[in-house]
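To keep things clear, I will list the structure first and then write my remarks on it.
All of these numbers come straight from a predicted model, not from anything done at the bench. So you know, we letter chains A, B, ... as the sequences are listed, proteins then strands, and number each from 1.
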Amino acid sequence: MRLHGAKREDFGKLCVAQRANALRYPHALFKKPLTLDEYLGARPIAEPLHLFDCVMPCAGADAFLVLSEEKAKGLKLPYARLLGTIERHNAFSSDPVQLRAGWALDRDELYAQAACPPGDVDFVQAYDDYPVITLMQLEDLGLCGKGEGPAFVREHRFTWDGDFPLNTSGGQLSAGQAGAAGGFLGMVEAIRQLTGEATERQVPSAKIGLVSGFGMINYDRGLGSGAAILSSNE
Amino acid sequence: MSDSVFRSKRKNPILRTRLPTLPPAARSRVALGLTAAAALGRFELQQCRDCGTVQYPPREACGKCLSVRLPWTRQDDDGELLAATVLHHSNDLFFRERLPWRLGLVKLACGPTVVAHLHAEVPPAPAKLRVAARLDRAGQAVLVGLPDKENVNMAEDRQLREFACDPKHRKVLVTDGKSGVGQALVKALAAAGAELVWVGYAEPWKRFPGFDELQKLPQVTLVPLDVTDSKNVRELAAEIGAKVDILVSNAEFHRAHGIGNRQGVETARAEMDVNYFGLLRLAQEFGPAMRARGADGLASAVAWVNLLSVYALANFPPHGTFSASKAAAQSLAQCLRAEMRPAGVRVVNVFPGPIDDEWSQLLPPPKLAPGALAAAIVSALREGVEDLYPGDVAQEWLERWRDNPKALERELSS
């Protein structure tokens with residue numbers, strides 16, 4: 001906030017949009033709409049984080065099958081294709097504050113593997129333990145420039161029907177953080193979106209999705225970062 | 001910013017006394033290196049002998065070159081505050097009861113970036129500050145960010161008081177006011193802002209030199225106390241035990257000589273009766289009430305100070321039986337420490353070298369002046385030090401003992 005001029009309203013916009021998405025996802029724990037005023041008026045937890053900036057830990061699980069395309073076709077299963085993946089641990093470990101992570105080093109390779117520029121992505125599922133971490137991913141994945149996250153937030157709409165659908169199941173902030181299973185929340189949602197199974201929150205004509213993850217046990221500074229690009233089978 | 005004017009209000013006896021809770025206490029064996037240094041009031045971090053990198057948090061191997069040669073090394077305490085936050089919520093019982101709580105991310109000049117508890121007077125980030133390793137209520141070292149410049153009321157910071165045992169606003173019992181050290185302690189504690197100082201004196205039918213001077217101090221109440229008399233100790237504990245925040249066990253019996261210069265065990269027994277059993281009697285009678293008051297408001301029971309001797313580390317044969325009684329007392333003090341720790345009450349062991357008193361008359365200088373010893377004890381309380389080696393002789397013996405205990409034994413016996 002001090003460095004790039006982000007305001008609480010910017011993070012609030014992400015949280016409010018994710019809640020709107022969650023209301024259309026039956027498994028989300030949060031069932032009540034959230035307004036920006038409610039977000040701004042929430043009690044502080046650890047300044048500048050307030051109540052609705054924090055995930056709610058919960059129990060839960062998620063799963064998906066990894067198999068060859070032929071096998072999926074043979075079993076007549078709906079499926080998505082994996083176009084590219086990156087993973088890195090302990091990136092920028094000498095940064096005194098983690099303002100960037102491994103995606104910034106690997107994103108060119110990711111888009112090259114997938115043969116798809118960032119602009120072609122129809123939706124993003126980002127790891128959202130706090131909305132600031134989402135913003136860091138959008139920047140480091142090259143969806144906007146470093147430090148341009150706040151301006152990016154102000155220019156776009158992040159609901160399932162917006163111009164930049166983000167965390168369309170509500171993300172962990174509105175669906176709940178199911179322990180280690182929280183990391184695959186975005187992956188499962190991306191597969192649902194690309195196989196046309198996202199029911200009331202289906203992103204219209206979703207062809208390519210970007211999923212990103214962050215965290216792991218912190219053995220040192222510079223946590224683990226990962227991302228994948230998937231496409232529908234059309 | 002600091003609560004410079006708070007005073008403990010009279011306690012409502014009907015209300016329940018808050019029970020002690022502790023901050024998270026689990027540490028790996030490696031991480032206890034930080035605690036070992038902080039117990040002596042030192043700020044040490046692991047520094048790689050091969051590549052020179054200073055690292056935090058402590059680990060088994062160097063994060064840069066994987067060397068396992070990582071001696072704990074004294075570090076400069078200056079750093080820069082990168083970011084700060086105020087915690088308004090915690091699921092940890094200790095912090096939950098003490099919210100709001102200020103924390104920050106600090107880039108140390110020696111290299112690592114650390115999370116530290118923040119004194120209220122550290123300005124908002126970015127700002128220069130000092131970092132100290134302090135023992136928390138669980139007796140484990142944590143890092144604390146302090147203002148760049150000292151300030152008179154610095155110690156009154158609400159958070160800092162949780163890491164210290166500051167005598168200010170507290171009620172103190174000094175078990176022996178007759179000795180030079182005892183009288184210096186009473187004066188130093190009164191000057192440090194102790195609200196009340198009970199001063200014990202044995203054989204109350206005899207006036208001792210300095211009695212009138214002590215009695216003139218408004219904070220002082222003289223109480224008959226002979227630590228060799230179990231009934232006397234019990235009765236005093238019944239009277240004031242529930243109010244004592246800091247107990248200074250300084251009564252000591254000191255005679256020169258080892259084994260061969262004296263016949264019989266009477267002198268050695270008298271030394272044990274005061275130096276060892278005296279501590280045991282006090283601990284049995286005052287310990288339980290102090291344990292119950294470990295979180296009793298801002299002026300809770302907070303510390304137990306034992307006047308031991310550096311001779312407790314290795315026997316000093318010219319004062320051989322005295323050394324043995326102090327070694328026994330040190331062992332008992334470790335037991336007391338273990339029993340007081342769950343209540344967050346710190347046991348401070350003081351290991352002076354020869355004190356400049358009549359019983360060390362034949363020892364050559366440097367000898368520790370009672371006033372200097374008292375000042376060092378007050379500083380140790382303020383800074384949360386757990387093992388105090390005041391003065392040059394004690395510091396030197398400590399280093400020799402840490403380096404090679406057998407060598408010190410031989411050197412002391414030559």
(request) Determine whether more than 12 heavy atoms belonging to other residues, nucleotides or ligands lie under 6.0 Å from atom NZ of A:Lys31. (result) yes
(message) Under 4.5 Å from any heavy atom of chain A, what part of B:Pro126 do you find: side chain, backbone, both or neither?
(response) both
(message) Can you confirm if the NZ or CZ of B:Arg134 lies within 45° of the ring axis of B:Phe163 and under 6.0 Å from the centre of its six-membered ring?
(response) no
(request) Heavy-atom pairs under 4.5 Å with chain A are the metric here; pick the option from B:Thr85, B:Val106, B:Leu103, B:Leu99 that has the most. (result) B:Thr85
(message) Less than 3.5 Å apart, any donor N or O on the side chain of A:Gln18 or A:Ser174 sitting next to an acceptor on the other?
(response) no
(message) Using heavy-atom distances under 4.5 Å, tell me whether B:Ala125 contacts chain A through its side chain, its backbone, both, or neither.
(response) both
(message) Is the terminal nitrogen or CZ of B:Arg98 (NZ for Lys, CZ for Arg) located under 6.0 angstrom from the six-membered ring centre of B:Phe94 and within 45° of that ring's axis?
(response) yes
